[in-house]
Amino acid sequence: MTSEGDGVLRTQVAIIGAGPAGLLLSHLLGNAGVESVVVESRSQEYVAGRIRAGILEQSTVDLLRSAGLADRLSREGDQHRGIHLQWPHERHHLDFVDLTGRSVWVYGQTEVQKDLVAARTAAGQQVHYEVADTALHDLETDHPSVTFTDAEGRPRRVAADVVVGCDGSFGPSRAAVPDAVRRTWDRTYPYSWLGILADVAPSTDELIYAWHPDGFAMHSMRSSSVSRLYLQVPNGTDVATWSDDRIWDALATRLGHGQDGWELTPGPVTEKSVLPMRSYVQTPMRHGRLFLAGDAAHTVPPTGAKGLNLAVADVGLLAPALIDLLRKDDPRLADAYSETALRRVWRCTHFSWWMTTMLHTSGDPFDEQLQLSQLRWVTSSQAGATGLAENYAGLPIGF
Ligand code: FAD
Ligand code: DHB
């Protein structure tokens, strides 16, 4: 039981970060009777309002359903059979259901986060928002802890059996693994995304990923009345240099407005931001009594929509491992967690890198010809199309 004495909170699992990984983990643990305390540096409203991912793969939806978290997703999520891939004068539809029997759902990370907050609130979960000075201690012992300053400025300690770092790319958990133990891989890309949210019905039934000599563009959506669109821009781009008109003109050119009767309908822009792109992996994902899940252990560039799905998949492996460890004193799944999770992490890291480098222009004419050749192969060969579909719609958890 979570209890408090001497200013110390005692629980089974201390979770750092109340993003999708942290709250989903607390939910899966709670469903199995394992107690946790979550600490989060931002406010609940800030975390729920961040515009991020928009596509859920099949195994994410299956996991949310089995955890009792998919009522609204089933009503409001939009199931898609596949995507459109295009380059100038050619657009091809890849049907993931025909190719692999699996599909994807349009349902924003903001909505997943709201559903998780509602479920954890209903279950009486302790989440400490707006904390500062989060620090991890005694991870190589069987009495690890997390200290922080709470929203009222009081120093606090959570004493736990296990600490889980779900604190994203900038949290303290990944650096709590000693340098002598951890290994990292890192790649930054020479371009960023300018993303907009617009109050206009999508001009497409399913997502469009477009290669264009001016740079990549993508048409996604959040609902029947809200569109989400992206443009490749150089690193360091100041969003203020892109007026709404300039954005819609570039999107129209790159997405092929006017070709074969297709039209892009512009509308009021409600959000605009520039996102850098990076691949990062840190191993191992477990050290002593510390486990890492989601962006705390790895970052992928957004092309291919893997970040959120990978965070969910990590937690889908970690929750049963911690339940066995803490309820049955059986360490086998916990001991295997890092190696098992990393198989999928590297698959998604490769897929995200491949989609990114296939679709973004680098200015190199040789690269351009290779990209177009790859796109023709992926859209004309059953084997090529199936490979993309299998990775995009997502491999089963435990792959
Ligand atoms: P996060 O969502 O990052 O959550 C980590 C939490 O830890 C945060 O709430 C943070 O405030 C908290 N935290 C950090 N430091 C501390 C601390 N010291 N103490 C306590 N708490 C702390 N993925 C896609 O698939 N498609 C997309 O289109 C897409 N767009 C993105 C756009 C942006 C701007 C970003 C940053 C990411 C995007 N991603 C996208 C990736 C996706 O959103 C992430 O992979 C996903 O949020 C990972 O979930 P997480 O819970 O592991 O980490
Ligand atoms: C979205 C983001 C992606 O990175 C992607 O590949 C597909 C969709 C989105 O924000 O909707």
Side-chain angles (χ1 to χ4, degrees), residues 14-26 38-44 46-57 60 78 80 83 104-110 112-113 116-117 127-136 146-150 158 164-176 192-193 195-197 202 206-209 216 218-223 226-230 271 273-278 280 292-315 318 345 348 351-352 355-356 359 392 394:
I15 300 174
I16 307 174
L23 285 192
L24 179 60
L25 179 64
S26 77
V38 184
V39 300
E40 164 61 52
S41 53
R42 303 289 196 157
S43 68
Q44 183 174 311
Y46 180 91
V47 179
R50 287 185 298 210
I51 310 295
R52 289 183 163 187
I55 302 293
L56 304 185
E57 60 185 48
T60 298
D78 193 11
H80 283 197
I83 57 166
V104 294
W105 276 257
V106 169
Y107 193 68
Q109 184 167 332
T110 46
V112 174
Q113 186 74 27
L116 284 165
V117 168
V127 184
H128 296 263
Y129 285 98
E130 299 181 70
V131 310
D133 313 319
T134 312
L136 298 81
V146 174
T147 53
F148 62 96
T149 306
D150 70 15
V158 185
V164 184
C166 296
D167 46 356
S169 310
F170 305 105
S173 297
R174 53 165 72 156
S192 301
W193 276 10
I196 62 162
L197 207 57
E206 298 195 335
L207 272 59
I208 304 171
Y209 287 78
F216 171 71
M218 187 171 70
H219 191 332
S220 181
M221 60 198 75
R222 287 293 178 273
S223 69
V226 176
S227 296
R228 176 87 167 139
L229 300 109
Y230 297 99
E271 199 261 355
S273 52
V274 172
L275 329 171
M277 299 175 88
R278 183 182 186 202
Y280 176 91
L292 299 177
D295 278 21
H298 40 73
T299 309
V300 290
T303 336
K306 285 293 138 200
L308 171 61
N309 292 296
L310 197 47
V312 168
D314 285 352
V315 169
L318 183 56
V345 168
C348 293
F351 177 66
S352 306
M355 287 286 280
T356 299
L359 287 162
Y392 194 111

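A quick note: this is a predicted structure, and the numbers were derived from the prediction, not measured. Every number for a ligand or one of its atoms is a count from 1 in the order of the listing. Note that these values count all heavy atoms, side chains included, but never hydrogens, waters or copies made by symmetry.
If you number the atoms of ligand 2 from 1 as listed, the ones under 4.0 Å from a heavy atom of Ile55 come out as 7 (C), 8 (C). Ligand-side atoms of ligand 2 in range of Tyr209: 5 (C), 6 (O), 7 (C), range being under 4.0 angstrom from any heavy atom. The Tyr230 neighbourhood of ligand 2 comprises atoms 1 (C), 2 (C), 9 (C), 10 (O), with distances under 4.0 Å to a heavy atom of that residue. Interface atoms of ligand 2 facing Gly304, defined by a heavy-atom separation under 4.0 Å, are 6 (O). Listed by atom number, the atoms of ligand 2 under 4.0 Å from Pro302 heavy atoms are 3 (C), 4 (O), 5 (C), 6 (O).
Using a 4.0 Å cut-off between heavy atoms, Trp193 contacts ligand 2 through its side chain alone, with no backbone atom that close. Heavy atoms of Leu207 found under 4.0 angstrom from ligand 2 belong exclusively to the side chain. When non-hydrogen atoms are compared, ligand 2 lies under 4.0 Å from the backbone of Ala305 as well as from its side chain.
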Between the protein and ligand 1, which nitrogen or oxygen pairs come in under 3.5 Å, and how far apart is each?
{"unit_1": "ligand 1", "atom_1": "2 (O)", "unit_2": "Arg52", "atom_2": "NH1", "d": "2.9"}
{"unit_1": "ligand 1", "atom_1": "3 (O)", "unit_2": "Arg52", "atom_2": "NH1", "d": "3.1"}
{"unit_1": "ligand 1", "atom_1": "9 (O)", "unit_2": "Glu40", "atom_2": "OE1", "d": "2.7"}
{"unit_1": "ligand 1", "atom_1": "9 (O)", "unit_2": "Glu40", "atom_2": "OE2", "d": "3.2"}
{"unit_1": "ligand 1", "atom_1": "9 (O)", "unit_2": "Arg50", "atom_2": "NH1", "d": "3.4"}
{"unit_1": "ligand 1", "atom_1": "9 (O)", "unit_2": "Arg50", "atom_2": "NH2", "d": "2.9"}
{"unit_1": "ligand 1", "atom_1": "11 (O)", "unit_2": "Glu40", "atom_2": "OE2", "d": "2.6"}
{"unit_1": "ligand 1", "atom_1": "19 (N)", "unit_2": "Thr134", "atom_2": "OG1", "d": "2.8"}
{"unit_1": "ligand 1", "atom_1": "21 (N)", "unit_2": "Ser41", "atom_2": "N", "d": "3.2"}
{"unit_1": "ligand 1", "atom_1": "25 (O)", "unit_2": "Gly307", "atom_2": "N", "d": "3.2"}
{"unit_1": "ligand 1", "atom_1": "43 (O)", "unit_2": "Gln109", "atom_2": "OE1", "d": "2.8"}
{"unit_1": "ligand 1", "atom_1": "45 (O)", "unit_2": "Asp295", "atom_2": "OD1", "d": "2.7"}
{"unit_1": "ligand 1", "atom_1": "45 (O)", "unit_2": "Asp295", "atom_2": "OD2", "d": "3.3"}
{"unit_1": "ligand 1", "atom_1": "45 (O)", "unit_2": "Gly307", "atom_2": "O", "d": "3.3"}
{"unit_1": "ligand 1", "atom_1": "45 (O)", "unit_2": "Leu308", "atom_2": "N", "d": "3.4"}
{"unit_1": "ligand 1", "atom_1": "47 (O)", "unit_2": "Arg52", "atom_2": "NH1", "d": "3.1"}
{"unit_1": "ligand 1", "atom_1": "47 (O)", "unit_2": "Gln109", "atom_2": "NE2", "d": "2.8"}
{"unit_1": "ligand 1", "atom_1": "51 (O)", "unit_2": "Pro20", "atom_2": "N", "d": "3.4"}
{"unit_1": "ligand 1", "atom_1": "51 (O)", "unit_2": "Ala21", "atom_2": "N", "d": "2.9"}
{"unit_1": "ligand 1", "atom_1": "52 (O)", "unit_2": "Asp295", "atom_2": "N", "d": "2.9"}

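When the ring pair (Phe, Tyr, Trp, His ring centres under 6.0 Å) test is applied to Phe216, the partners found at least two apart in sequence or on another chain are Trp193, His360. Legend: residues meeting side chain to side chain donor-acceptor pair (under 3.5 Å) with Ser220, ordered by chain and number and at least two apart, are absent.
Within the 4.5 Å cutoff, the side chain of Leu23 has heavy atoms near those of the Val117 side chain.
With values rounded to the nearest 0.5 angstrom, Arg50 atom CZ is found 7.0 Å from Arg42 atom CZ.
Sorted by first and then second residue, the salt bridge (Lys or Arg N to Asp or Glu O under 4.0 Å) pairs involving residues 300-312 (not counting sequence neighbours) are Glu57-Lys306.
In this model, a donor atom of one side chain and an acceptor atom of the other lie less than 3.5 Å apart for Tyr392 and Tyr209.
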- List the steps and the verdict of side chain to side chain contact (heavy atoms under 4.5 Å, CB included) for His80 and Ile55. CA-CA 10 Å; His80 283 197; Ile55 302 293; 5.7 Å; no
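The heavy atom nearest to atom 2 (C) of ligand 2, out of those in His219, Arg52, Met218, is found in Met218. The option with the heavy atom closest to atom 9 (C) of ligand 2, from among Arg222, Gln109, Met277, Met221, is Arg222.
The aromatic ring centroids of His128 and Phe148 lie less than 6.0 Å from each other.
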